[in-house]
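Working notes, structure below.
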Amino acid sequence: MASQVTNAGEKLVTVIPGDGVGPECVRAAQRLIEAAGARLVWEERAAGASVFKQGIASGVPPETIESIRRTRCVLKGPLETPVGYGEKSANVTLRKLFETYGNIRPVRELPGVITPYSGRGIDLVVVRENVEDLYAGIEHMQTPGVAQCLKLISRKGCEKIVRLAFELAIAEGRKRVHCATKSNIMKLTEGLLKRTFEEIALQYPGIEAQHIIIDNCAHQLVKKPEQFDVIVTTNMNGDIISDLTSALVGGLGFAPSANLGNDVAIFEAVHGSAPKYAGKNVINPTAVILSAVLMLRHLGEFEAASKIENAILVTLEEGKARTGDVVGYDKGVSTTAFTEAILANLGRSSQRWRVRDYRPIKLPQFDPAPDTVKVSSRRTVGADVFVESSLSAVELGKSLEEIAAGSPLRLKMISNRGCKVYPPTGAITDCVDHWRCRFVVREGTPEMIDAHLLDLLHRISPRHRWMQIEKLYEFDGAAGYTKAQGED
Ligand code: NAP
């Protein structure tokens with residue numbers, strides 16, 4: 001991804017100061033960048049709370065979108081997600097608008113920031129898929145008492161994030177990539193990331209590739225975090241474990257991030273607007289400054305980036321200026337005093353605490369056309385019909401069997417909250433009025449066609465309320481659906 005350069009050779013960056021403590025941190029980062037000699041031109045734009053208040057529901061006004069389209073690079077303060085006005089998070093909107101599919105969250109042990117892990121050399125990067133998964137935000141109330149959130153994971157989305165993780169490992173001279181999923185439970189969605197990882201890992205023989213179940217990953221991160229180098233994972237897993245990893249090295253005040261896409265990159269701290277510290281000049285600006293360091297590397301300004309990172313390491317090592325989150329707010333220096341201490345250390349580097357050698361990340365290139373995964377055969381073998389009913393499992397089962405009599409489809413089973421309840425299994429299931437009723441083609445019917453399903457729905461409608469249907473496919477002979485707990 002090429003950055004936008006002015007005729008005078010300066011690189012254009014859209015800067016969004018953000019809400020709460022955002023402006024204090026972003027100004028600190030801008031001062032350091034300028035002092036480190038990087039030649040950037042800032043285009044300041046708004047997003048977040050002030051924009052929501054103007055009645056712009058996305059929290060991102062057109063002039064901000066226009067600027068980002070042009071500059072393709074953003075340094076951003078945190079944006080508040082207001083409660084009561086505005087619906088969606090402006091952060092998520094920005095990530096999605098510009099398809100910044102990879103969220104890179106590095107953490108490393110820092111001098112003078114004492115944690116239970118000090119001395120163990122934690123230095124790892126979480127690579128979080130940034131646009132898909134439950135964060136696609138497709139939610140419905142299926143009944144007044146049952147909510148649903150669709151977890152959409154695509155083959156293309158998995159390939160993009162996995163390749164990005166391996167390319168990042170190469171660029172940073174890292175040796176190992178773990179893929180953390182919950183594929184043991186969500187075999188199709190989380191499993192798609194695992195399968196894609198295992199396939200693509202073969203193309204990177206120089207990097208050790210290992211799958212790990214996400215809950216064990218969380219356990220291992222607390223027990224022996226130094227074993228990790230790069231962790232690639234789905235959106236929600238990554239959101240959670242990256243907050244965990246930031247706590248391992250001293251907390252949110254030290255956790256930077258980059259949202260990378262093929263067209264646009266957005267750099268921001270992991271933390272939010274921390275409203276209780278807003279305007280008090282006490283917040284730790286390191287996370288935003290380190291995000292700016294990631295941005296400088298992205299723009300090819302490697303020298304300025306290392307200069308700032310080295311100055312942070314020297315400042316923390318000296319320990320003369322430390323913010324309240326490290327030493328207590330009664331003893332900490334102000335945000336500006338801490339920034340000035342870093343400024344004074346520009347040009348110095350620590351003997352003990354080194355900065356890695358970085359190379360530009362080779363961003364994987366993908367065809368922008370909609371992705372189609374081809375199969376040689378597909379067969380529709382039935383459908384799950386979701387029904388709202390206050391009947392018991394047996395009453396509903398008998399009713400649906402009666403309704404389907406003479407149809408090419410037969411009731412195979414009913415599940416409630418994922419567990420098979422009809423035909424009865426003897427399991428003690430605490431049922432709600434939301435039933436997944438699985439119909440499959442009867443013997444002798446090669447495949448379900450829409451007319452079979454429409455006929456079935458016409459039969460069901462007068463007697464039961466149905467909310468949703470999911471067709472059951474076989475792709476290349478393999479079931480494209482999972483079984484309910486207890487289903488054979
Ligand atoms: P938060 O703003 O991250 O703050 C939570 C706590 O983390 C703070 O109270 C503070 O802990 C600590 N903290 C955060 N930043 C720090 C820093 N720079 N230095 C030292 N300590 C820091 O999370 P929140 O209170 O849940 O969210 C506030 C708002 O931010 C919400 O509207 C949320 O939606 C938004 N948000 C935005 C982003 C983003 O823009 N990317 C990310 C997360 C949240 P102590 O109280 O222990 O001192």
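As the structure lists them, so they are numbered: ligands from 1, and atoms in each ligand from 1. We count residues from 1, following the sequence as given. Since this is a predicted model, take the numbers as computed values, not measurements. Values below: all heavy atoms of this structure, side chains included; hydrogens, waters and symmetry mates excluded.
- Under the 4.0 angstrom criterion for non-hydrogen atoms, Ser273 is in contact with ligand 1.
- In terms of heavy-atom proximity, Asn310 sits nearest to Ser350 at OD1-N, 4.4 Å.
- From the protein, the heavy atom lying nearest to atom 45 (P) of ligand 1 is Tyr277 OH, 3.6 Å.
- A salt bridge links Glu226 with Arg120: the closest approach of a Lys/Arg side-chain nitrogen to an acidic carboxylate oxygen falls below 4.0 angstrom.
- Residues satisfying the side chain to side chain donor-acceptor pair (under 3.5 Å) test with Asn91, not counting sequence neighbours, are Lys76.
- Listed by number with element, the atoms of ligand 1 under 4.0 angstrom from any heavy atom of Pro275 are 28 (C).
- What sits closest to atom 31 (C) of ligand 1 on the protein, heavy atoms only, is Thr81 N, 4.1 Å.
- For atom 9 (O) of ligand 1, the nearest protein heavy atom (residue, atom name, distance) is Lys276 CE, 3.6 Å.
- Ranking protein heavy atoms by distance to atom 44 (C) of ligand 1, first place goes to Gly272 CA, 3.4 Å.
- Across Val21, Asn284, Ile283, heavy-atom proximity to atom 16 (C) of ligand 1 is greatest for Ile283.
- Every atom of ligand 1 with a heavy atom of Pro78 under 4.0 Å away is listed here by number and element: 40 (O).
- Under a cutoff of 6.0 Å and an axis angle of 45°, Arg297 and Tyr358 form a cation-pi pair.
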TODO: Check step by step if ring pair (Phe, Tyr, Trp, His ring centres under 6.0 Å) holds for Phe197 and Tyr204.
DONE: CA-CA 11 Å; Phe197 173 76; Tyr204 295 89; 9.9 Å; no
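- Counting heavy atoms under 4.0 Å from ligand 1, residue Tyr329 touches it through the side chain alone.
- Residue Gly253 approaches ligand 1 through these ligand atoms, each under 4.0 Å from one of its heavy atoms: 17 (C), 18 (N), 19 (N).
- Residues satisfying the salt bridge (charged side-chain N to carboxylate O under 4.0 Å, His left out) test with Asp133, not counting sequence neighbours, are Lys151.
- Of the charged side-chain nitrogens involved, at least one lies within less than 4.0 Å of a carboxylate oxygen, so that Glu159 and Arg163 count as a salt-bridged pair.
- Between the side chains of Thr315 and Asn345, at least one donor-acceptor pair of N or O atoms lies under 3.5 Å.
- Below 4.0 Å from some heavy atom of Ala274 lie the following atoms of ligand 1, by number and element: 2 (O).
- Of all the atoms in ligand 1, the ones that sit under 4.0 Å from a non-hydrogen atom of Leu252 are 3 (O), 7 (O).
- With a heavy-atom cut-off of 4.0 Å, Asp325 touches ligand 1 through its side chain alone.
- Between the side chain of Asn103 and the backbone N or O of Ala258 there is at least one donor-acceptor pair closer than 3.5 Å.
- Those atoms of ligand 1 that come under 4.0 Å of a heavy atom in Asn91, given as number and element, are 37 (C), 38 (C), 39 (C), 40 (O), 41 (N).
- With a heavy-atom cut-off of 4.0 Å, Val270 touches ligand 1 through its backbone alone.
- Here the protein heavy atom with the shortest distance to atom 41 (N) of ligand 1 is Glu268 OE1, 3.1 Å.
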